[in-house]
Structures are given as C-alpha cells and as structure tokens.
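Step one of this worksheet: look at the structure below.
The chain is numbered in sequence order, starting from 1. Note that the structure is predicted; figures quoted are calculated from it, not measured. Just so you know, these numbers use all the heavy atoms, side chains as well, and skip hydrogens, waters and symmetry mates.
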Amino acid sequence: MDGGFRFKALCEMLSDHTAKVVECFSKVTGGSKKDNLYIQTEEAKAILKAGLNSTDERVCQQAVQAPENLLRERRFDLLDLED
C-alpha cells in the first residue's frame with residue numbers, strides 16, 4: 001500500500017470536475033501495475049458511477065474503459081456498481 005496511487009483526492013474533486021476525474025482514473029487504471037495501484041472500492045465506484053451517469057459521451061466512454069482496465073488487473077471487487 002505504501003507509495004501507491006490513492007484516489008481520495010480525486011473523489012473530493014468529483015462533483016466539480018467529473019470529466020477530469022474520470023479521465024485521470026481511466027488513465028491511471030490503464031497504466032497500472034498491481035503493486036503500485038491501491039484503489040478503495042467505494043472510491044472507484046463513486047468515480048465510475050459519476051462517469052457512467054455523465055451526459056458527456058467522452059466521459060461515459062472513459063468510464064466504460066476503466067472497468068476493462070480493472071478486469072485485466074483482476075480487480076473484480078471494483079466491477080459491481082450496484083451497491
């Protein structure tokens with residue numbers, strides 16, 4: 001967990017900067033290494049839900065891409081957004 005990227009700050013900016021937060025999340029998860037990426041489930045779900053609910057098509061596409069990145073990393077716990 002030490003030295004890993006954390007998403008709390010992104011979540012704090014989510015309501016005011018949804019597009020940028022979702023873009024950042026998508027990029028970070030796309031270039032992740034399992035030992036460097038620490039994502040709390042609630043943070044990931046909040047970012048993904050905001051992106052999927054966006055009216056901006058580009059933001060929605062990035063929110064769709066991020067779970068695909070997480071799936072490649074075997075982060076199945078972050079894929080259930082129904083909670």
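Across all their heavy atoms, P67 and A63 have their closest contact at CD-O, 2.7 Å. Smallest separation of non-hydrogen atoms from A66 and L48: CB-CD2, 3.6 Å. Nearest heavy atom pair, residue L10 against residue I47, reads CB-CD1, 4.2 Å.
Applying the side chain to side chain donor-acceptor pair (under 3.5 Å) rule to pairs touching residues 10-25 yields E23-K27, sequence neighbours excluded.
Atom CG of L52 and atom NZ of K45 lie 13.0 Å apart (nearest 0.5 Å). In this structure, OG1 on T29 lies 7.5 Å from CD on Q65, to the nearest 0.5 angstrom. One distance of note links CD of Q62 with CG of D56; it measures 8.0 Å at 0.5 Å rounding.
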Next on the checklist: Would V22 and S54 count as a side-chain contact (heavy atoms from CB on, under 4.5 Å) here? Give the steps.
Outcome noted: CA-CA 10 Å; V22 173; S54 175; over 6 Å; no

